[in-house]
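Worksheet for the structure shown next.
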Amino acid sequence: MQYNSADIKSIISYAKKLEGKTLRNLCGDVLENSYSGKGKFGQLLEKFYFNYEPNSVADADFPEVGVELKSTPLKKIKGDKLVAKERLVLSIINYFEIVSQDFDTSSFIKKNSHLLLIFYLFEKDINALDYLIKMVGDWKIPPQDLIIIKQDWERIKSQVAKGKAHELSEGDTFYLGACTKGGKGGNYRGQPESEILAKQRAFSLKQGYLNHIIAVINNSNDDYGRLFTNTNILKEQSIESVVSDRFIPYLNMSVFQILQKVENKLNPNAKNFYASLTKLILGVQDEKEIEEFTKANIAIKTVRLGDGDIPKENISFPAFKYDELLDEDWDESTIKEQFEQKFFFVFFKYNHQNELVLKRVKFWNMPYNDLESVKMVWSKTKELVEQGNIVKEVKGKKRLTYFPSTKFNGVAHIRPHAQNSKDTYPLPTADKLTGSQEYTKHSFWLNNKYVRNAIYLSPE
DNA sequence: GCATGATCATGC
DNA sequence: GCATGATCATGC
């Protein structure tokens, strides 16, 4: 044994030797064929570097010191910056056990409160033995985050206790998510208060939270502005209600009046005007990110309401790539991720002077049944792309498509989202009618009437 | 007036 | 140069 498994310092210094190396560098050509798939790197690491058999017991991986070993991929984004490639998946949620547990003594806390994190750079089509290990971090959940994670855990527990384990969603919570886990078509389990089978889920740290951990490890976390200098308030109140309370003094004020009140000269024509205004009201400096929002992967959406409280526009999402659509399963899809996340909506409405007036703010995430409707839009679109069955009719400059429109179901639809009609992505199957190998970029949109009925008008 | 296709503006 | 959030334009 090259480290003392009863001594935390020994474990960490042994782990630190991984930095800048690959497993092949350190362990040589091992019997790598014994493992495969997504968890391969982690299994190789445990067996050949730390010399213990990969397991799925309830105890932490180093039980004597209560440390859990986790490896997780990084990816490069613009400017060669390294960020988390995905959420960090922790232990499976046992629906039967969680309902009778207390957070402080829960199996979640026992296993996951102290993590030894191994970050490696993921590269497609490369053997897991050759991933470059970039960072090793020792992470204990800090008290101010633990308060929020506890609220998240309680929320997951109460859903299960209500017999709604099958309706759990990652968007329900802030830092700690309940993510699906287990293969194509999903892995289903029973739950204590309902006959309905629920997808197997695991606790996970949101991608945004993991990026925060990375920033702390690298001492580069000064781009954040915090909502709470003192998180004790969260012992009595949810984040949602604290944030909503901060908007109360500004409700029914016009944008102009709000700017006067916060004594700021933001340019109302700037693209990020509403995002900046939101930060000002929340007391976060304009150039900083809202720490709690970033860590929780919360997307801010501002909506302008017209007559009848109907949003002036549908809400767009990023354009999707046609080939990616075919590659992905629903549970791992970009589209599901985008619709499942938590949103913070800021609603403005035009008054008689044609000024925008702040009417309401709301945290929201899509209910399970509606996410199923988005899935139907997704499968229909995927089917059409697969068949090359996109263009219905060419009418002068306009082309009508078979893509699901606003009438397909009440939730979401597909529309163009491009610079112009010549701004395209390649098609995996050439279009039957036009023979074209590429097509104008399209994206998913949330129907404006759905936004009114399901979000703006719905009670807290 | 609404649904749907097309495009703009900004920032990285 | 492109991704993204936002908005315009047209025809039924």
Side-chain angles (χ1 to χ4, degrees), chain A residues 75-83 211 223 255 266-279 286-290 293-294 297-325 334-335 337-339 341 343-350 354 356 377 380-381 384 390-426 431 433-434 436 438-453 455:
Chain A
K75 65 175 179 186
K76 275 186 184 165
I77 55 168
K78 52 182 184 278
D80 276 354
K81 194 184 173 206
L82 290 173
V83 297
N211 282 329
D223 296 340
V255 167
L266 285 180
N267 171 13
N269 298 318
K271 189 198 165 195
N272 59 355
F273 174 72
Y274 293 102
S276 301
L277 196 66
T278 304
K279 286 182 193 174
D286 192 21
E287 65 278 9
K288 300 204 170 180
E289 292 182 53
I290 306 172
F293 278 30
T294 307
N297 282 102
I298 293 170
I300 300 178
K301 299 276 181 194
T302 52
V303 179
R304 299 162 313 143
L305 303 168
D307 290 343
D309 294 334
I310 293 178
K312 281 275 184 195
E313 304 291 343
N314 305 289
I315 294 176
S316 71
F317 284 75
F320 59 85
K321 297 195 171 77
Y322 298 106
D323 43 6
E324 227 171 71
L325 199 65
T334 321
I335 304 301
E337 203 154 90
Q338 286 166 357
F339 280 87
Q341 71 184 317
F343 295 90
F344 183 67
F345 278 95
V346 184
F347 290 101
F348 292 92
K349 188 175 175 173
Y350 286 103
N354 216 31
L356 284 170
V377 176
K380 178 70 184 171
T381 307
L384 295 171
I390 297 171
V391 184
K392 191 197 281 181
E393 193 184 344
V394 180
K395 265 191 163 178
K397 227 182 152 187
K398 282 196 178 182
R399 294 160 305 173
L400 307 183
T401 73
Y402 290 108
F403 283 137
S405 73
T406 46
K407 291 177 203 118
F408 183 77
N409 61 38
V411 180
H413 64 278
I414 303 290
R415 288 235 310 287
H417 193 169
Q419 292 298 308
N420 53 51
S421 58
K422 291 184 186 67
D423 183 17
T424 63
Y425 277 136
D431 182 63
L433 187 78
T434 62
S436 179
E438 55 185 345
Y439 200 65
T440 314
K441 292 175 186 172
H442 275 60
S443 77
F444 285 68
W445 298 69
L446 262 188
N447 293 8
N448 57 353
K449 283 182 183 155
Y450 174 82
V451 173
R452 183 189 76 146
N453 296 333
I455 308 174

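The chains referred to below are lettered A, B, ... by the order of the sequence lines, with proteins before strands, and numbering in each begins at 1.
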[X]: what forms a side-chain contact (heavy atoms from CB on, under 4.5 Å) with it, not counting sequence neighbours?
X	result
A:Asp431	A:Ile390, A:Val391, A:Leu427, A:Leu433, A:Thr434
A:Leu400	A:Lys392, A:Glu393, A:Lys395
A:Ser421	A:Arg399, A:Thr440
A:Gln419	A:Asp423

Phosphate OP1/OP2 of C:dA3 contacted by A:Lys441 side-chain N/O (<4.0 Å):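 Looking at the OP1 and OP2 atoms of C:dA3, one of them is under 4.0 Å from a side-chain N or O of A:Lys441.
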Check this one for me: any side-chain N or O of A:Ser316 less than 4.0 Å away from OP1 or OP2 of C:dT4?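 A:Ser316 to C:dT4 OP1/OP2: no side-chain N or O under 4.0 Å.
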Between the first and last five pairs of the helix from B:dG1-C:dC12 to B:dC12-C:dG1, the angle of the axes, rounded to 10 degrees: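 Inter-axis angle at the ends, rounded: 20°.
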NA contact type, A:Thr440, heavy-atom cut-off 4.0 Å: base, sugar-phosphate, or nothing?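 A:Thr440: no heavy atom of the nucleic acid under 4.0 Å.
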When all nucleic acid strands are considered with a 4.0 Å heavy-atom cut-off, which category describes A:His417: base, sugar-phosphate, or nothing? base
Closest nucleotide of DNA chain C for A:Lys321 versus for A:Arg415: which of these residues is on the 5' side?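 The residue mapped nearer the 5' terminus is A:Lys321.
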Tell me every residue that passes ring-ring contact (aromatic ring centres under 6.0 Å, His included) with A:His442, counting only those two or more places apart in sequence or in another chain. A:Phe403, A:Tyr439
Quick one: list whatever passes ring-ring contact (aromatic ring centres under 6.0 Å, His included) with A:Phe347, sequence neighbours left out.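 Partners of A:Phe347 by the ring-ring contact (aromatic ring centres under 6.0 Å, His included) criterion, ordered by chain and then number, come out as A:Phe345, A:Tyr456.
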Shortest side-chain distance from A:Pro416, nucleotide among B:dA3, C:dT4, B:dG5: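 Nearest nucleotide to the side chain: B:dG5.
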Could you tabulate the donor-acceptor pairs under 3.5 Å formed by side-chain atoms of residues 306-319 of chain A, not counting sequence neighbours?
from: A:Asp309; atom 1: OD1; to: A:Lys349; atom 2: NZ; distance (Å): 2.7
from: A:Asn314; atom 1: OD1; to: A:Asn448; atom 2: N; distance (Å): 2.8

Heavy atoms within less than 4.0 Å of DNA chain B: which residues of residues 402-410 of chain A have one? Give them sorted by number.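 Under 4.0 Å from DNA chain B: A:Ser405, A:Thr406, A:Lys407.
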Would you kindly give the CG-to-P distance between A:Asp423 and C:dG1, to the nearest whole Å? 13 Å
